[in-house]
There are 2 protein chains.
Amino acid sequence: MAEMIAQISCASCPLRKLPAFSRVTEGEIEFIEKFKMGELHGKAGGAIYLEGAASPHLFTLLSGWAFRYKTLPDGRRQILNYLFPGDFIGVQTTLEVAMDHGIEALTDVRLCVFSRGRLNELFAERPGLALDITWLAAREERILDDNLLAVGRRKSSERIAYLLWHLADRAAESGLLNKDGSLDLPMTQQHLADTLGLSLVTFNKTLQRLRRGKFFSFENRRLEILDEDAMMKAAAVYRPSQPTRPLI
Amino acid sequence: MAEMIAQISCASCPLRKLPAFSRVTEGEIEFIEKFKMGELHGKAGGAIYLEGAASPHLFTLLSGWAFRYKTLPDGRRQILNYLFPGDFIGVQTTLEVAMDHGIEALTDVRLCVFSRGRLNELFAERPGLALDITWLAAREERILDDNLLAVGRRKSSERIAYLLWHLADRAAESGLLNKDGSLDLPMTQQHLADTLGLSLVTFNKTLQRLRRGKFFSFENRRLEILDEDAMMKAAAVYRPSQPTRPLI
DNA sequence: CGAGGCCTTGACGCTACTCAAGGCGCGTGG
DNA sequence: CCACGCGCCTTGAGTAGCGTCAAGGCCTCG
């Protein structure tokens with residue numbers, strides 16, 4: 001599915017428009033340019049990483065949607081998280097270790113390819129960028145924490161409300177919302193069920209039940225959150241109250 | 001619960017005995033020494049981080065067991081992962097953001113305290129250590145991936161077998177096994193159930209069922225894996241076969 | 001000796017799963 | 001142009017797994 005294409009300048013990278021990337025300096029751009037190996041285009045449904053294969057590459061998602069997943073021997077699949085433009089792909093694994101999860105494109109994607117072997121160069125020469133990478137990894141870990149809480153301890157209706165709210169939130173960050181605030185999701189209900197540890201049937205039936213609440217709409221893969229408070233309540237989310245007491 | 005005590009030399013740090021830390025250079029030790037703010041002793045059951053509180057500190061666990069967790073408003077708790085000696089605590093959060101998970105000590109613990117604000121100094125001056133931190137974060141993410149797969153897609157007996165196997169594995173890495181290969185776990189069945197997204201009762205009943213298989217023993221919190229293959233089979237774990245095909 | 005923490009077991013009910021079938025929309029080919 | 005197949009969504013029926021409630025036992029500690 002993969003097709004390598006010619007170098008494109010980082011200075012004109014679409015990601016630079018995102019607020020999260022605005023403070024990257026000119027010197028850093030210049031360095032990234034050297035670090036970049038090329039650009040990769042993938043088709044919807046194609047594999048970016050295969051489970052169990054080793055890959056010498058790191059990627060940044062330039063455009064499109066993808067997801068990370070793991071499977072059990074008998075085929076049961078768990079989607080770990082969704083990847084949005086600007087997300088870094090592949091820090092999870094080290095040089096020697098084989099990928100223990102797969103990555104698949106949900107839409108056509110454009111990827112920026114980096115050399116994994118030169119990562120220590122980046123750390124040595126551009127500590128600012130290194131810190132950014134670590135920060136991205138930490139953010140991904142927080143998302144995983146949230147997902148684990150949802151799958152482990154929320155009931156089906158809460159899980160669904162949580163996931164839809166979460167996706168809308170991340171999409172907003174990445175500037176993927178439509179003008180009217182709605183969001184077109186590329187994944188099927190099977191994907192969403194596999195994210196939440198639910199069966200497709202349970203996902204669908206619970207979704208029907210949630211739809212009757214009217215605080216969001218989700219038809220033909222178009223999601224719109226109509227009442228955020230109601231949504232958060234349905235998701236059993238709370239904004240933690242102010243710090244109880246600082247330690248040491 | 002926290003009690004700050006006097007500086008202790010990093011050169012004699014107990015972690016240096018672990019294979020993972022053997023290659024730290026003298027220069028790096030010297031730097032760590034400056035970066036270190038002190039040592040903290042905590043009692044079993046005490047909070048290291050509180051959910052929702054901001055903390056300006058980073059820690060390394062020197063000895064003892066702890067766990068990270070999140071809770072829902074109504075008290076349902078999900079344990080995210082367990083912390084072993086050598087694990088880094090607190091990279092998950094950035095400077096400004098409040099902790100969105102809590103950390104609690106399972107046994108008495110000794111922590112090495114670092115200044116979070118000086119993290120960029122570390123990245124600037126010691127890229128090798130920075131890479132180590134990122135590597136630790138990536139490893140933690142892999143563990144979370146595995147947990148998410150277990151909680152989302154394994155059934156209760158598989159989850160329990162998986163968790164016991166995983167704990168034995170990590171304990172072995174950290175040199176916590178008894179001479180006879182058994183392992184004394186500090187957590188209650190309630191902790192384990194909260195790790196796996198199960199109720200205490202289901203955990204216990206399923207454990208009884210698993211015990212009849214005789215491929216491990218787990219009595220009075222002492223765990224011993226008697227037949228690793230049977231254990232992995234019960235856990236629905238597989239060593240992934242060789243890479244299908246390399247991409248690009 | 002009593003209290004409390006933890007483990008264990010039984011009874012019962014609900015949630016989520018599997019199996020099964022049908023509908024809708026879209027693309028393809030006769 | 002319409003029939004057909006396919007992917008995806010939807011719904012019903014029956015079941016199994018897991019959760020809750022409840023109670024009792026064991027051990028430790030005060």
Side-chain angles (χ1 to χ4, degrees), chain A residues 43-46 67 72 74-79 104-107 150-164 184-212 216-223 234 236, chain B residues 43-46 67 72 74-79 104-107 150-164 184-212 216-223 234 236:
Chain A
K43 283 215 189 315
F67 64 92
L72 291 176
D74 64 1
R76 283 173 283 178
R77 177 176 71 171
Q78 176 67 39
I79 293 183
E104 193 176 307
L106 275 167
T107 63
V151 173
R153 285 302 181 212
R154 279 191 244 255
K155 49 186 177 176
S156 63
S157 62
E158 293 169 341
R159 291 187 211 181
I160 295 176
Y162 170 76
L163 178 59
L164 296 180
D184 291 304
L185 293 172
M187 61 284 263
T188 67
Q189 294 189 5
Q190 182 67 65
H191 287 112
L192 296 170
D194 281 350
T195 310
L196 296 175
L198 297 172
S199 72
L200 169 61
V201 176
T202 299
F203 181 92
N204 184 277
K205 283 178 179 169
T206 308
L207 179 62
Q208 304 305 332
R209 199 149 37 78
L210 274 175
R211 288 210 249 238
R212 290 200 273 279
F216 70 96
S217 78
F218 183 37
E219 312 284 341
N220 299 317
R221 305 195 191 174
R222 172 161 296 186
L223 170 67
Chain B
K43 284 213 187 316
F67 64 91
L72 291 175
D74 64 1
R76 283 173 283 177
R77 176 177 73 171
Q78 176 67 38
I79 292 183
E104 194 176 305
L106 274 168
T107 63
V151 173
R153 284 301 180 214
R154 279 191 243 254
K155 49 186 176 177
S156 62
S157 62
E158 293 168 341
R159 291 188 211 182
I160 294 176
Y162 169 75
L163 178 58
L164 295 179
D184 291 305
L185 293 172
M187 62 284 261
T188 66
Q189 294 190 4
Q190 181 68 65
H191 288 112
L192 297 170
D194 282 349
T195 310
L196 295 174
L198 296 172
S199 71
L200 169 62
V201 176
T202 299
F203 181 91
N204 184 277
K205 284 179 178 166
T206 309
L207 179 61
Q208 304 305 334
R209 199 148 38 78
L210 275 174
R211 276 175 172 153
R212 293 199 271 278
F216 70 95
S217 79
F218 183 37
E219 312 284 341
N220 299 318
R221 305 196 193 173
R222 171 163 296 187
L223 170 67

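Just so it is clear: chains get the letters A, B, ... in the order the sequence lines come, proteins before strands, and each one is counted from 1.
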S.K.: For C:dT8, take OP1 and OP2 only and decide whether either is under 4.0 Å from a side-chain N or O of B:Gln189.
M.R.: yes
S.K.: Kindly compute the distance separating CG (A:Leu163) from CD (A:Glu158), expressed to the nearest 0.5 Å.
M.R.: 13.5 Å
S.K.: What's A:Arg221 touching, base or sugar-phosphate or nothing? Going by heavy atoms closer than 4.0 Å.
M.R.: sugar-phosphate
S.K.: With a 4.5 Å cut-off on side-chain heavy atoms, are A:Asp194 and B:Arg153 touching?
M.R.: yes
S.K.: Which heavy atom of A:Ser157 sits nearest a heavy atom of A:Arg209, and at what distance?
M.R.: CB-NH1, 4.4 Å
S.K.: Determine whether any donor atom in the side chain of B:Lys205 lies under 3.5 Å from an acceptor atom in the base of D:dG17, or the reverse, and answer yes or no.
M.R.: no
S.K.: Considering only C:dC19, C:dC17, C:dT8, which nucleotide approaches the side chain of A:Val201 most closely?
M.R.: C:dC19
S.K.: The side chain of B:Ser156 lies closest to which of these nucleotides: C:dT8, D:dC18, D:dT10?
M.R.: D:dC18
S.K.: Check this one for me: any side-chain N or O of A:Gln208 less than 4.0 Å away from OP1 or OP2 of D:dT11?
M.R.: yes
S.K.: Closest approach to the side chain of A:Lys155, judged atom by atom: which nucleotide of D:dT10, C:dT8, C:dA16 is it?
M.R.: C:dA16
S.K.: Taking for each residue the nucleotide of DNA chain C bearing the nearest heavy atom, is the 5' side occupied by A:Thr202 or by B:Thr188?
M.R.: B:Thr188
S.K.: Report yes if at least one side-chain N or O of A:Asn204 is closer than 4.0 Å to OP1 or OP2 of D:dC9; otherwise report no.
M.R.: no
